[in-house]
Amino acid sequence: MEAPLDLILPLVATGYLSGTWLGALTVCRLAGVGDPRLAGSCNPGFSNVLRLHGRRLALATLVVDVAKGMPVLWLAMWLGLPPWGLGLVGLGVLLGHSYPAWHRFRGGKGVASAFGVMLVLTPWVALCCAALWILLAWRVRTAAVASLASAAMAPLASLWLAPEFAGVVIVFTLLVLARHVLNIRRLGRGDEPGL
């Protein structure tokens, strides 16, 4: 059964709204520390919070950014949306995180949010990517390298583990890679900050 657009579009909009909740801003405000957009890499995400404020606040940021899109995705699954419809809802979450309207469209890189979306839609792909991220972050000590490699692996893993979502995962990957253009340039110059 084809999912009607009048069902999908409100869910995509809800996904976008949930994505605009930047965990780093909430966590840092509650902790009474500085806005992560004003220091370090100026990115409101896990890696920058880790560098600026330590593991505890970084972990709290990660939890918010991973979990914030899950309720709307669970609702979309319960309503029986097809993979492409679920992908649109997930893309809404990622666009909300990356380009939040209330923060002048200056959001995060989308890695943690993409992990959260894929944890609902393609859990085994998400876990494989997370394992690679952790391994590379530990060995190379650079979040951008871990994020880029994990994003690049996601479509390949989806072809094997969740082929019905392969096209969706490719779109997620392209967005994450596009959000890392400056990191790629810094890596080329050798001045990308480490963890």
Side-chain angles (χ1 to χ4, degrees), residues 1-27 44-46 58-103 105 107-134 146-180:
M1 187 178 89
E2 285 295 319
L5 283 179
D6 61 353
L7 177 63
I8 292 176
L9 292 178
L11 290 169
V12 172
T14 304
Y16 177 85
L17 291 174
S18 68
T20 62
W21 178 18
L22 300 179
L25 302 189
T26 301
V27 166
F46 165 82
L59 182 59
T61 298
L62 182 66
V63 168
V64 172
D65 285 344
V66 167
K68 63 188 177 183
M70 289 181 169
V72 68
L73 286 163
W74 286 330
L75 175 60
M77 292 178 82
W78 181 75
L79 290 170
L81 264 62
W84 65 267
L86 293 170
L88 286 177
V89 176
L91 183 61
V93 175
L94 298 188
L95 290 173
H97 178 82
S98 300
Y99 306 102
W102 346 109
H103 301 293
F105 300 98
K109 300 292 174 65
V111 176
S113 297
F115 173 68
V117 169
M118 291 199 307
L119 201 54
V120 174
L121 302 184
T122 58
W124 288 110
V125 175
L127 293 174
C128 287
C129 292
L132 179 62
W133 193 98
I134 291 167
S147 298
L148 290 166
S150 299
M153 189 188 83
L156 299 176
S158 68
L159 285 171
W160 175 40
L161 298 167
E164 69 277 18
F165 284 100
V168 167
V169 172
I170 288 170
V171 173
F172 294 168
T173 294
L174 292 174
L175 177 60
V176 170
L177 293 177
R179 295 291 295 157
H180 280 79

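Closest of all the heavy-atom pairs between L159 and A166 is CD2-CB, 3.7 Å. Taking all atoms of both residues into account, the shortest heavy-atom contact from P10 to L7 is CD-O, 3.4 Å. Nearest heavy atoms, A112 versus L62: CB-CD1, 3.7 Å. Taking every heavy atom of both residues into account, A24 and G45 meet most closely at CB-N, 3.9 Å. The two atoms that bring L22 and G108 nearest to each other are CD2-N, 4.5 Å, heavy atoms only. The heavy-atom pair separating L94 from A114 by the smallest distance is CD2-N, 3.3 Å.
Of the possible donor and acceptor atoms, one in the side chain of R179 sits under 3.5 Å from a partner among the backbone N and O of G107. With K68 contributing its side chain and W21 its backbone, the two residues share a donor-acceptor pair below 3.5 Å. A donor-acceptor pair under 3.5 Å links the side-chain atoms of S150 to the main chain of W133, judged by distance alone. Listed for the S113 side chain is no donor-acceptor partner under 3.5 Å among the backbone atoms of G110.
T173 pairs in a side chain to side chain contact (heavy atoms under 4.5 Å, CB included) with only one of the listed residues (L175, V171, L177), which is L177. Screening V89, L73, V169 against L121 for a side chain to side chain contact (heavy atoms under 4.5 Å, CB included) leaves a single residue, L73.
Between W102 and L17 the shortest side-chain heavy-atom distance falls below 4.5 Å. The closest side-chain heavy-atom distance from V12 to L91 is not below 4.5 Å. Under the 4.5 Å side-chain criterion, counting only non-hydrogen atoms from C-beta, H103 is not in contact with T20. A heavy-atom distance below 4.5 Å is found between the side chains of L11 and L79. Looking at L119 and L127, their side chains come closer than 4.5 Å, going by heavy atoms from C-beta outward.
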Intermediate values then yes/no, side-chain contact (heavy atoms from CB on, under 4.5 Å), L86 and F165: CA-CA 9 Å; L86 293 170; F165 284 100; 3.9 Å; yes
Chi angles and distances behind the side-chain contact (heavy atoms from CB on, under 4.5 Å) call for S147, K109: CA-CA 9 Å; S147 298; K109 300 292 174 65; over 6 Å; no
side-chain contact (heavy atoms from CB on, under 4.5 Å) evaluation trace for F172 with V117: CA-CA 9 Å; F172 294 168; V117 169; 3.6 Å; yes
Test log, rule side-chain contact (heavy atoms from CB on, under 4.5 Å), inputs S158 and T122: CA-CA 8 Å; S158 68; T122 58; 5.5 Å; no
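Judged as a salt bridge (charged side-chain N to carboxylate O under 4.0 Å, His left out), not a single pair has a partner in residues 147-169 (not counting sequence neighbours).
Interatomic distance, OH of Y16 versus CG of L95, reported as 8.0 Å (0.5 Å rounding).
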